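Per chain, numbering begins at 1; letters A, B, ... match sequence-line order. All figures in this text were calculated on a predicted structure; none of them were measured in a lab.
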Protein chains: 4
Amino acid sequence: MSEPGPGHNTVAADQLKSIIERVERLNEERKQLLDDVNDVFAEAKGNGLDVKALRTIVRLRAMEPNKRAEQEAILDLYKHALGMLV
Amino acid sequence: MSEPGPGHNTVAADQLKSIIERVERLNEERKQLLDDVNDVFAEAKGNGLDVKALRTIVRLRAMEPNKRAEQEAILDLYKHALGMLV
Amino acid sequence: MSEPGPGHNTVAADQLKSIIERVERLNEERKQLLDDVNDVFAEAKGNGLDVKALRTIVRLRAMEPNKRAEQEAILDLYKHALGMLV
Amino acid sequence: MSEPGPGHNTVAADQLKSIIERVERLNEERKQLLDDVNDVFAEAKGNGLDVKALRTIVRLRAMEPNKRAEQEAILDLYKHALGMLV
DNA sequence: CGGACAAGTTTGCCAC
DNA sequence: GTGGCAAACTTGTCCG
């Protein structure tokens, strides 16, 4: 006999369907939020602001917390890099 | 003297601040949703499913049928030219 | 006295410097080669070829046949389960 | 009539083959360089150095030139973002 | 539509 | 050998 119903080599279609649809649902929400972001920028542009500069500012601000920690850690990094030789 | 407290020229700065913060707020929500997606895939992986294949399915389903067929046609054309197919 | 000119403790620092610079040198060469690859694809595009398909071909050829067949099998399995194939 | 020899709808197999092989050749060189980098780190590790810290240092040093420019540009960015309102 | 910029996906490496 | 972190590659989007 060969594969009637859920057997080996078969995937639970329901489970698969559920996963895919959950992800697709989440992706729709993500797309909606992306549209919202673009709306904000479009409105800003309508007010005479420079959208490219705004995007850059957002990006830089997202980086800064990490950079702070990096700068504080850099000397320690060199020490560790020098390992037991220090 | 210029700019003690909320004066005429803070308008632009306030507007800028508002835009940046709105976008950052939206980006946080986007990151949350991305985490959710990854959680779903992680759970699927725990159930023995192949995450890479799942991502491919999601991508294919999101693709317009025409685009998809077109891409496959070009690929087959090149494969034939290279003897990678009969 | 401590560290005037090349003394006993500069050994570690020199070693560190040497390692970092060797890696950075190699990374520059890597970047150059990446640029070369992109140049080839850009030229191909100029000749009317589809770069995306070309990249796919390169990826498929780099893949071990077994792996490739395995990936396709899983994908087909999922597609069937979802009714995306006959 | 149906495509004998190089006709429309056909790809110049020689051209295709040449492109693919050039890219594959470059990719081999890239892989070789990546191996070289790993060799340097492996040797460093053998000398008691902390490879993870070394990698971090390389990464930070690669970022710094960009950061310099960013810091110099950030105020200008705000000015541009404020556009004609300034 | 072409080039730049950003997002997402994949791969590789190190620690456990 | 698995899982998390970081780098690299690919794809998509947006502005000019």
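- Atom CG in A/Asp50 sits about 13 Å away from atom P in E/dC5, given to the nearest Å.
- Between C/Lys52 and F/dG12, a side-chain N or O to OP1/OP2 separation shorter than 4.0 Å is present.
- Closest-nucleotide positions on DNA chain E for A/Thr56 and C/Lys45 were compared, and the one nearer the 5' end corresponds to C/Lys45.
- A/Leu34 comes within 4.0 angstrom of nothing in the nucleic acid, heavy atoms only.
- Put simply, A/Asn38 has a side-chain N or O that comes within less than 4.0 Å of OP1 or OP2 on F/dC14.
- The hydrophobic clustering, which links ILVMFWY residues whose side-chain heavy atoms are closer than 4.5 Å, places D/Ile20 and B/Met84 together.
- Regarding A/Lys31, its NZ atom lies at a distance of 12 Å from the P atom of E/dG8, rounded to whole Å.
- D/Val58 and D/Leu34 fall into different hydrophobic clusters, where Ile, Leu, Val, Met, Phe, Trp and Tyr residues are linked whenever their side-chain heavy atoms come under 4.5 Å apart, directly or through other members.
- When the nearest nucleotides of DNA chain E are assigned to D/Phe41 and B/Asn27 by heavy-atom distance, the more 5′-ward of the two goes with B/Asn27.
- Between A/Ala44 and A/Leu54, the shortest heavy-atom distance links the atoms CB-CD1, 3.7 Å.
- At the phosphate of E/dT10, OP1 or OP2 sits under 4.0 Å from a side-chain N or O atom of B/Arg59.
- Considering only side-chain N and O atoms, A/Arg30 lies under 4.0 angstrom from the phosphate OP1 or OP2 of E/dG8.
- To the nearest angstrom, P of F/dG12 lies 17 Å from CG of A/Asp35.
- For the pair B/Met63 CE and E/dT9 P, the computed distance is 12 Å after rounding to whole Å.
- Contact of the C/Tyr78 side chain with the B/Asp50 side chain is registered, since non-hydrogen atoms from C-beta on lie closer than 4.5 Å.
- Protein atom CG of A/Asp39 is 15 Å distant from nucleotide atom C1' of F/dT13, rounded to whole Å.
- Look at CZ on A/Arg55: it is 14 Å from C1' on F/dG16, rounded to the nearest Å.
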